[in-house]
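Inspection log for the structure reproduced underneath, given as structure tokens.
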Amino acid sequence: MKTIRRINELQELIDRNKRKNQTVGFVPTMGFLHAGHLSLVEQARKENDIVVMSIFVNPAQFGPGEDFEAYPRDEEHDAKLASEAGVDVLFMPNRDEMYPQNGGIQILPGAQAASLCGATRPGHFDGVLKVVLKLFNIVDPDHSYFGMKDAQQLAIIETFVRDFNLRTKIRRVPTIREEDGLAKSSRNVNLSKEERLVAPVIQKALKNGELLFHQGVPVKEIEREVANQITNNSSGLIDYVSLLAYPSLLPYTPKDKEAIIACAVKFEKTRLIDNIIMSTKG
Ligand code: PAF
């Protein structure tokens, strides 16, 4: 595996591979890799000649008072895991390399960013789109791999790619979970022992929400039930529990083919998100 920190060096390598007609699979990450990231690599490995992973904790997608500083980092361990998983090129730029200047141009997501994390983390998806566009331009990937745990991010990026004719094809990869159901996340290390023990209630409550949804229980009632189950069984504070149409993220109507039940829960040092995508008879 080759580790590259400079944009022009990576672009030269990609150009050389493209001239040999090799396809490029891209796995963008913020590092502190876990089995969820590695499953993105596994899928990318199957579908491309070369696999590029980026590790960059993107300051543009963190708001004031959020966990940019506390976001876990371990470059050495990440490089080992990436190499073992079959990554060919690891791109690890620093902040100056990615953001040497700021001309003030902004990329603003549409209505899909008005709910869920977009509502409680203003500006978050502006920052995600900014870095994702830069990374797509740098890596020029044939296929790009995103996890379903960040279902809102995925939906917004799919719209971005479609509306702006970006050439990469987005691949959705299912959420990977711990044995007790907790979604794998780099942020899980910031849970205390007690919080880690109770955190699986998040998925249990969402599954219960899914059951109620299929029983035809009204949306607001489901959201209330799920929120109550989480707060009654953990120290987590509810940021949101929402049931919406997917991927539009508009209010759900029985005509929609897919719905999402998603939540964000704040613990003392970290905030966890999870969701279930539910297909409907539509
Ligand atoms: O999902 C993430 O880890 C980040 O939001 C991404 C896509 C790498 C952009 O910084």
Side-chain angles (χ1 to χ4, degrees), residues 4 7 10 24-41 43-44 51-63 66-75 77-78 81-82 85 87 89-95 97-99 106-109 112-113 116-118 120-141 143-161 164 166 168-176 183-190 247 262 264 270-275:
I4 293 183
I7 293 172
L10 177 60
V24 177
F26 179 42
V27 179
T29 81
M30 298 206 301
F32 214 72
L33 302 180
H34 52 70
H37 299 111
L38 304 181
S39 78
L40 304 179
V41 174
Q43 195 168 324
V51 176
V52 178
M53 172 186 274
S54 63
I55 294 183
F56 178 62
V57 184
N58 173 35
Q61 68 190 70
F62 290 80
E66 290 186 355
D67 59 348
F68 175 70
E69 299 300 338
Y71 198 86
R73 294 160 170 88
D74 189 344
E75 277 197 3
H77 191 235
D78 282 350
L81 290 181
V87 170
V89 182
L90 184 59
F91 178 49
M92 292 204 282
N94 66 19
R95 191 178 182 146
E97 184 70 6
M98 285 301 278
Y99 296 120
Q106 285 179 290
I107 306 167
L108 302 178
Q112 281 168 305
L116 310 179
C117 292
T120 57
R121 300 182 69 189
H124 168 66
F125 289 111
D126 313 8
V128 169
L129 290 183
K130 183 174 183 172
V131 82
V132 162
L133 180 61
K134 285 170 74 75
L135 290 167
F136 285 169
N137 283 331
I138 294 164
V139 178
D140 192 15
H143 307 110
S144 301
Y145 296 81
F146 290 88
M148 288 297 299
K149 185 174 78 71
D150 297 306
Q152 186 176 24
Q153 165 172 284
L154 179 53
I156 293 171
I157 291 172
E158 283 176 345
T159 301
F160 188 41
V161 166
F164 288 82
L166 304 182
T168 192
K169 300 247 178 325
I170 301 299
R171 297 283 202 247
R172 296 180 177 186
V173 183
T175 302
I176 301 289
K184 296 256 186 190
S185 164
S186 307
R187 289 184 163 101
N188 289 351
V189 292
N190 287 335
T270 198
R271 174 182 172 279
L272 302 184
I273 59 170
D274 200 355
N275 70 78

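Counting convention: from 1, in listed order, for ligands and their atoms alike. Reckoned from all heavy atoms, side chains included, excluding hydrogens, waters and symmetry mates.
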Quiz item: Does the side chain of L133 come within less than 4.5 Å of F160's, by heavy atoms?
Solution: yes

Practice problem: Could you tell me whether the side chain of F146 reaches within less than 4.5 Å of the side chain of P28, counting heavy atoms only? | Solution: yes

Quiz item: In terms of atom number and element, which parts of ligand 1 are under 4.0 angstrom from non-hydrogen atoms of V131?
Solution: 9 (C), 10 (O)

Exercise. Below 4.0 angstrom from a heavy atom of Q61, which ligand 1 atoms are there? Numbered from 1 as shown, please.
Key: 4 (C), 5 (O), 9 (C), 10 (O)

Quiz prompt | Axial cation check for Y71 ring with R271, 6.0 Å and 45° limits | solution = no

Quiz item: For atom 3 (O) of ligand 1, which protein heavy atom lies nearest, and how many Å away is it?
Solution: M30 CG, 3.6 Å

Quiz item: Do any nitrogen or oxygen atoms of Q153 lie less than 3.5 angstrom from nitrogen or oxygen atoms of ligand 1?
Solution: yes

Quiz prompt | Any N/O pair T29/ligand 1 closer than 3.5 Å | solution = no

Quiz item: Does E158 come within less than 4.0 Å of R172, counting only side-chain N to carboxylate O?
Solution: yes

Practice problem: State whether a side-chain donor-acceptor pair under 3.5 Å links Y99 with N58. | Solution: yes

